[in-house]
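Working notes, beginning with the structure itself.
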Amino acid sequence: MRRLAVAGVATLVLVGMGIWAITSKPRQLHRVDDRAGLLDSSDIEAFESYLESIEYESGVDIRFVFVDSLVGETLEQFAVRTARAQGIGQNLDRRGILLAYDVRGKRLRIEVGPTLQGIFPDGFVGYLMHEQLHSYFTTKKYASLGLRRTVYMLQTRLRRAELGDDYDPRPAAFIADRRRLAIGGGASEPTDSA
């Protein structure tokens, strides 16, 4: 009788542990590492959620790391070391992106995993940094807006790649050519009906 009671209690404990394991939330993955205090806490929570939804939708692990300054290594070395240490994209066939920013040095790096380089070639990543992010990171006030727009562009590029669209650098070149804004066509019409 006593053995039966002990076995029953042990069974209940194991069943309870199994239910707890199934219903408990998985460990929260921190996708935003803001050591420099660049973003507000509400922005960090929103980015965590947004980046999680991108991983769920596209199978891409996107992360941000913001540091106040770097000592003893270049931003490129820091980004590669951080991507490896955090295992960014490791469980997703190396489909990872790390956006690293050195606040004091005002340097930005986007590290792209090997299996994403066809989707995010150097020309696209360079365009994002020079034409998109650079102006937003000049002041802390607009950093969050620049990051949101950039992540939206990354997500749009992922969706287009899923549909089979290759990256076309012509629109970026067109936008970068400031003369195009002044050499287009146009028409005029007098507004006086007299």
Side-chain angles (χ1 to χ4, degrees), residues 27-70 73-92 94-162 165 167 169 171-172 175-176:
R27 183 180 64 84
Q28 178 71 21
L29 177 65
H30 295 287
R31 292 174 171 82
V32 181
D33 181 356
D34 188 8
R35 302 173 202 174
L38 188 67
L39 302 172
D40 293 333
S41 60
S42 61
D43 287 335
I44 291 174
E45 289 176 26
F47 277 118
E48 290 281 351
S49 178
Y50 188 24
L51 296 175
E52 181 180 13
S53 70
I54 291 174
E55 182 175 332
Y56 181 74
E57 175 186 306
S58 303
V60 175
D61 183 6
I62 301 174
R63 309 222 196 145
F64 303 151
V65 177
F66 308 122
V67 293
D68 192 39
S69 65
L70 292 173
E73 65 184 337
T74 66
L75 183 60
E76 291 78 10
Q77 292 168 332
F78 170 79
V80 169
R81 181 177 58 79
T82 301
R84 288 179 180 159
Q86 291 185 7
I88 298 173
Q90 183 177 6
N91 298 331
L92 301 167
R94 300 176 299 162
R95 291 172 55 92
I97 297 173
L98 173 66
L99 191 146
Y101 183 61
D102 171 13
V103 175
R104 262 195 206 144
K106 296 185 187 229
R107 299 214 44 228
L108 180 66
R109 172 84 180 169
I110 298 178
E111 197 68 36
V112 178
T115 56
L116 290 175
Q117 290 179 359
I119 297 171
F120 299 110
D122 291 345
F124 180 77
V125 173
Y127 170 77
L128 283 180
M129 288 191 303
H130 298 294
E131 301 298 327
Q132 177 65 29
L133 282 169
H134 177 73
S135 60
Y136 288 105
F137 275 98
T138 56
T139 63
K140 181 179 174 178
K141 180 179 177 181
Y142 298 112
S144 179
L145 176 61
L147 285 169
R148 279 192 305 257
R149 292 187 61 178
T150 300
V151 172
Y152 177 74
M153 292 173 82
L154 291 170
Q155 185 179 32
T156 301
R157 179 69 205 111
L158 284 167
R159 288 174 174 169
R160 287 184 169 203
E162 186 66 29
D165 290 344
Y167 173 66
I175 293 168

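Keep in mind it's a predicted model, so treat the numbers as computed, not measured.
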Heavy atoms, side chains only, cut-off 4.5 Å: are Leu98 and Val80 in contact?
-> no
Separation between CD (Glu52) and CD (Glu48), nearest 0.5 Å, reads 8.5 Å
Kindly indicate whether the side chain of Phe64, heavy atoms from C-beta on, has any atom under 4.5 Å from the side chain of Arg31.
-> no
Would you indicate whether Arg84, at its atom CZ, is surrounded by more than 12 heavy atoms from other residues, nucleotides or ligands within a distance under 6.0 Å?
-> no
Counting distance only, does the side-chain N/O of Asp61 pair as donor-acceptor with the main-chain N or O of Gly96 below 3.5 Å?
-> no
Do the side chain of Arg95 and the main chain of Ser58 share a donor and acceptor less than 3.5 angstrom apart?
-> yes
List the steps, then state whether side-chain hydrogen bond (donor to acceptor under 3.5 Å, both in side chains) holds for Ser144 with Arg148.
-> CA-CA 6 Å; Ser144 179; Arg148 279 192 305 257; 3.1 Å; yes
Among Ile119, Leu92, Leu116, find the residue that satisfies the side chain to side chain contact (heavy atoms under 4.5 Å, CB included) test when tested with Val60.
-> Leu116
Looking at OG1 of Thr150 and CG of Leu133, how far apart are the two atoms once the value is rounded to the nearest 0.5 Å?
-> 3.5 Å
State, to 0.1 Å, how close Tyr127 and Met153 come at their nearest heavy-atom pair, and which atoms those are.
-> CE2-CE, 3.7 Å
Considering residues, nucleotides and ligands other than Glu76, do more than 12 of their heavy atoms fall under 6.0 Å from its CD?
-> yes
Any donor-acceptor pair under 3.5 Å linking the side chain of Ser53 with the backbone of Tyr50?
-> yes
Side-chain contact test, heavy atoms from C-beta onward, threshold under 4.5 Å: evaluate it for Ile97 versus Phe120 and give yes or no.
-> yes
The reported gap from CD in Glu55 to CG in Asn91 (rounded to nearest 0.5 angstrom) is 8.5 Å
What residue among Ile62, Val125, Ile54 forms side chain to side chain contact (heavy atoms under 4.5 Å, CB included) with Leu154?
-> Ile62
Show the numbers, then the answer: is there a side-chain contact (heavy atoms from CB on, under 4.5 Å) between Val67 and Val103?
-> CA-CA 6 Å; Val67 293; Val103 175; over 6 Å; no
Distance (rounded to the nearest 0.5 Å) between Leu75 CG and Lys106 NZ | 14.5 Å
Rounded to the nearest 0.5 Å, the OH atom of Tyr136 sits from the CG atom of Leu147 at a distance of 10.5 Å
Does Asp102 use its side chain to pair, donor to acceptor, with the backbone of Gly105 at less than 3.5 Å?
-> yes
Please round to the nearest 0.5 Å and tell me the distance separating atom CG of Leu38 and atom CG of Asp43.
-> 9.5 Å
Do Arg63 and Asp33 pass the side-chain contact (heavy atoms from CB on, under 4.5 Å) test, and can you show the C-alpha distance, the side-chain angles, and the key distance before you say yes or no?
-> CA-CA 8 Å; Arg63 309 222 196 145; Asp33 181 356; over 6 Å; no
I would like to know whether Arg109 and Tyr101 meet side-chain hydrogen bond (donor to acceptor under 3.5 Å, both in side chains); could you show each step before the answer?
-> CA-CA 6 Å; Arg109 172 84 180 169; Tyr101 183 61; over 6 Å; no
Hey, does the side chain of Gln86 reach the backbone of Ala83 with a donor-acceptor pair shorter than 3.5 angstrom?
-> no
Around Arg81, counting heavy atoms of other residues, nucleotides and ligands shown, do more than 12 lie under 6.0 Å from its CZ?
-> yes
Check for a donor-acceptor pair, side chain of Asp34 on one end and backbone N or O of Leu39 on the other, with a separation under 3.5 Å.
-> yes
